[in-house]
Visitor: 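Submitted below is the structure of interest, expressed as structure tokens.
Heavy-atom basis, side chains included; hydrogens, waters and symmetry copies ignored.
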Amino acid sequence: MRLGVHINKFDHPQGSAGLGPELAAAGAAAEAAGVSWLSVMDHYFQMEHNGGAEAAMLECYTTLGYLAAHTSSVRLGVLVTGTTYRHPGLLAKIATTLDILSGGRATLGIGAAWYEREHQGLGVPFPPLSERFERLEETLRICLQMWDQDNNGPFEGKHYQLAETRCTPPPVSAPRPEIMIGGGGEKKTLRLVAQYGDACNLFGSSQAEVAHKLDVLRRHCDEAGRDYSRIRKTMIYVGASIRDGDIDAFVDDMAGYAKLGIETAIVAPEDAVAATWIESRCAPAARRLAELG
């Protein structure tokens with residue numbers, strides 16, 4: 001099992017001027033600790049439970065581009081891009097650019113979007129949930145077509161129409177960047193994982209719940225004729241043990257998830273001073289998780 005870090009707070013004690021150096025230090029600390037994944041959120045406004053719109057929030061792909069320049073091995077991604085935030089053709093170009101400039105380390109993390117306040121706040125359309133899922137599936141299809149260098153013709157969907165799906169230069173990753181679909185919705189989200197995803201990201205509320213979600217994903221894979229074992233299973237860990245510095249308890253908990261097939265457990269620093277937290281919490285945890293297999 002491997003350890004990932006998800007940076008989701010940006011209220012640095014030194015204000016905006018402190019964020020660039022802190023993120024660079026966090027990237028260096030993550031690689032020194034043996035962390036395999038580094039992600040940020042895709043939101044216009046900070047989430048309510050992290051302080052709401054009045055709290056700091058950075059644009060995610062600019063942030064990942066900065067992290068790409070300050071790291072060399074850790075995989076970079078977003079947990080997760082809302083399908084409503086960017087036109088699919090533009091999103092594919094952005095993800096491709098990150099992949100190229102990071103040397104093939106980009107993951108396109110994507111989901112159906114949910115934070116209505118930020119859409120209303122910045123004037124971005126927020127369609128009903130059923131339409132957001134339709135747009136999500138079309139976005140996945142558009143990205144895959146744009147990354148197919150032998151198919152740069154038109155795309156005709158219900159919500160999106162592209163005269164060309166040209167993506168030049170192509171991604172560095174072969175055959176294309178990884179697609180991670182976030183969420184545990186059993187009827188739609190996990191079905192999309194089975195059809196289009198290279199990885200899933202689940203909410204680690206309990207081992208029983210994660211086991212259930214993986215069983216649902218396996219059934220969707222069977223129905224789609226997809227090899228379940230080829231999908232990388234990841235989760236956000238929400239327990240208190242690593243925040244409390246109890247690495248033994250954290251590793252014991254992760255051992256159960258590893259038996260379920262979870263390959264990467266992703267944890268979040270408690271505040272915007274991420275580098276110190278990664279050094280104190282993640283370095284010892286990453287070494288221990290690697291021993292779980």
Visitor: Could you give the distance from CG (Asp215) to NE2 (His220), rounded to the nearest 0.5 Å?
Guide: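 Reported value, rounded in 0.5 Å steps: 11.5 Å.
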Visitor: Can you list every pair that meets side-chain hydrogen bond (donor to acceptor under 3.5 Å, both in side chains) and has a residue in residues 8-19, with sequence neighbours left out?
Guide: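 Checked against side-chain hydrogen bond (donor to acceptor under 3.5 Å, both in side chains) - neighbours excluded - the pairs reaching residues 8-19 are His12-Glu22.
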Visitor: Side chain of Asp244, backbone of Asp246: donor and acceptor closer than 3.5 Å?
Guide: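 Pair absent, no side-chain N/O of Asp244 close to backbone of Asp246.
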Visitor: Check the pair Asp99 / Arg176 against salt bridge (Lys or Arg N to Asp or Glu O under 4.0 Å), numbers first and verdict last.
Guide: CA-CA 9 Å; Asp99 191 68; Arg176 54 169 175 76; over 6 Å; no
Visitor: Cation-pi check, Arg135 to Tyr160: give yes when NZ or CZ is under 6.0 Å from the six-membered ring centre and within 45° of the ring axis, no otherwise.
Guide: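 Yes, Arg135 and Tyr160 form such a contact.
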Visitor: Report whether Leu289 and Val74 are members of the same hydrophobic cluster (ILVMFWY, side-chain heavy atoms less than 4.5 Å apart, transitive linking).
Guide: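 Shared cluster, yes.
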Visitor: Can you name the closest pair of heavy atoms from Ala194 and Leu217 and give their distance?
Guide: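 So the minimum-distance heavy-atom pair works out to N-CD1, 4.0 Å.
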Visitor: Which residues end up grouped with Leu101 if you chain together Ile, Leu, Val, Met, Phe, Trp and Tyr wherever their side-chain heavy atoms are less than 4.5 Å apart?
Guide: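 Answer for Leu101: Ile100, Val172.
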Visitor: Do the side chains of Asn201 and Ile266 get nearer than 4.5 Å, heavy atoms only?
Guide: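 Ile266 reaches Asn201 side chain to side chain.
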Visitor: Among all residues two or more places apart in sequence or in another chain, which pass the side chain to side chain contact (heavy atoms under 4.5 Å, CB included) test with Ala283?
Guide: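 For Ala283, the residues satisfying side chain to side chain contact (heavy atoms under 4.5 Å, CB included) (neighbours in sequence not counted) are Ala33, Arg287.
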Visitor: My understanding is that only residues two or more places apart in sequence, or in another chain, count here; which of them pass ring pair (Phe, Tyr, Trp, His ring centres under 6.0 Å) with His43?
Guide: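 Ring pair (Phe, Tyr, Trp, His ring centres under 6.0 Å) check on His43 returns Trp114, Tyr115.
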Visitor: Between atom SG of Cys221 and atom CG of Leu190, what is the distance when rounded to the nearest 0.5 Å?
Guide: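 Rounded to the nearest 0.5 Å, the SG-CG separation comes out at 9.0 Å.
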Visitor: Any side-chain donor paired with an acceptor under 3.5 Å for Arg132 and Thr84?
Guide: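 Short answer, no.
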Visitor: Please report the C-alpha distance between Leu79 and Trp37 in whole Å, then the side-chain angles of each, then the deciding distance to 0.1 Å, and finally whether the side-chain contact (heavy atoms from CB on, under 4.5 Å) criterion is met.
Guide: CA-CA 11 Å; Leu79 287 181; Trp37 164 272; 4.1 Å; yes
Visitor: Please set out all donor-acceptor pairs under 3.5 angstrom arising from side-chain atoms of residues 251-260, sequence neighbours excluded.
Guide:
unit_1 : atom_1 : unit_2 : atom_2 : d
Asp253 : OD1    : Gln207 : NE2    : 3.1
Asp253 : OD2    : Tyr237 : OH     : 3.2
Tyr257 : OH     : Gln207 : N      : 3.3

Visitor: Could you walk me through whether Arg141 and Glu134 pass the salt bridge (Lys or Arg N to Asp or Glu O under 4.0 Å) test, one step at a time?
Guide: CA-CA 11 Å; Arg141 291 170 54 202; Glu134 291 173 354; over 6 Å; no
Visitor: So, Arg232 side chain and Cys200 main chain: donor-acceptor pair closer than 3.5 Å or not?
Guide: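 The answer is no, because no donor-acceptor pair under 3.5 Å joins these two groups.
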Visitor: Evaluate the side-chain contact (heavy atoms from CB on, under 4.5 Å) criterion for residues Lys188 and Ser130: first the C-alpha distance (whole Å), next the side-chain angles of each, then the deciding distance (0.1 Å), finally the verdict.
Guide: CA-CA 10 Å; Lys188 294 183 178 181; Ser130 59; 4.1 Å; yes
Visitor: In the single-linkage hydrophobic clustering (I, L, V, M, F, W, Y; side-chain heavy atoms under 4.5 Å), do Met235 and Val193 co-cluster?
Guide: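 Yes, one cluster joins them.
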Visitor: Working note: Met57 + Tyr44, criterion side-chain contact (heavy atoms from CB on, under 4.5 Å); need CA distance, chi angles, decisive distance, verdict.
Guide: CA-CA 7 Å; Met57 174 55 61; Tyr44 307 142; over 6 Å; no
Visitor: Would you say the side-chain atoms of Lys233 pair up with the backbone N or O of Gly261, donor to acceptor, closer than 3.5 Å?
Guide: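 No; zero donor-acceptor contacts below 3.5 Å.
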Visitor: Determine yes or no for a side-chain-to-main-chain donor-acceptor pair under 3.5 angstrom, with Glu138 supplying the side chain and Lys158 the backbone.
Guide: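 Flag set: sc Glu138 to bb Lys158 pair under 3.5 Å.
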Visitor: When you measure from the side chain of Thr165 to the backbone N and O of Gly153, does any donor-acceptor pair fall under 3.5 Å?
Guide: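 Checking the backbone N and O of Gly153 against the side chain of Thr165, a donor-acceptor pair under 3.5 Å is found.
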Visitor: Taking a hydrophobic cluster as the set of Ile, Leu, Val, Met, Phe, Trp and Tyr residues connected by side-chain heavy atoms closer than 4.5 Å, whether directly or through intermediates, do Ile262 and Ile236 fall within one such cluster?
Guide: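 Different clusters.
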Visitor: Using the salt bridge (charged side-chain N to carboxylate O under 4.0 Å, His left out) definition, which of the options Glu186, Glu223, Glu137 pairs with Arg191?
Guide: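 The salt bridge (charged side-chain N to carboxylate O under 4.0 Å, His left out) with Arg191 is passed solely by Glu137 among Glu186, Glu223, Glu137.
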Visitor: Does Phe155 belong to the same Ile/Leu/Val/Met/Phe/Trp/Tyr cluster as Tyr196, with side-chain heavy atoms less than 4.5 Å apart forming each link?
Guide: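 No, it is not one cluster - the side chains of Phe155 and Tyr196 are not joined through contacts under 4.5 Å.
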Visitor: Just by modelled atom types, is the Gly4 backbone N or O under 3.5 Å from a matching donor or acceptor in the Arg75 side chain?
Guide: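 Judged by distance alone, no pair lies under 3.5 Å.
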Visitor: Checking the side chain of Glu31 only, and the main-chain atoms of Ser72 only, is there a donor and an acceptor separated by less than 3.5 Å?
Guide: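 The answer is yes, because a donor-acceptor pair under 3.5 Å joins these two groups.
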Visitor: Roughly how far, to the nearest 0.5 Å, is the CE atom of Met47 from the CZ atom of Arg117?
Guide: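 Going from CZ on Arg117 over to CE on Met47, the span is 13.5 Å.
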Visitor: Is a side-chain donor or acceptor of Asp198 paired with a backbone partner of Ile179 at a separation under 3.5 angstrom?
Guide: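 Answer holds: yes.
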Visitor: Under a 4.0 Å N-O cut-off, is there an ion pair linking Arg230 with Glu263?
Guide: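 A salt bridge is absent here (no side-chain N lies under 4.0 Å from a carboxylate O).
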Visitor: Closest approach of Ala53 and Phe45, non-hydrogen atoms and distance?
Guide: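 Nearest heavy atoms, Ala53 then Phe45: CB-CD1, 3.7 Å.
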Visitor: Is it the case that one hydrophobic cluster holds both Leu129 and Phe203, taking links as side-chain heavy atoms less than 4.5 Å apart, direct or via other members?
Guide: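 Unlinked, Leu129 and Phe203 end up in two clusters.
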Visitor: What residues, two or more places apart in sequence or in another chain, satisfy side chain to side chain contact (heavy atoms under 4.5 Å, CB included) together with Leu91?
Guide: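 So Leu91 forms a side chain to side chain contact (heavy atoms under 4.5 Å, CB included) with Tyr61, Thr81, Arg86, Leu108, Ile110, Thr139.
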Visitor: Would you please indicate if the ring centroids of His119 and Tyr85 are separated by under 6.0 Å?
Guide: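 For His119 and Tyr85, the ring centres are under 6.0 Å apart.
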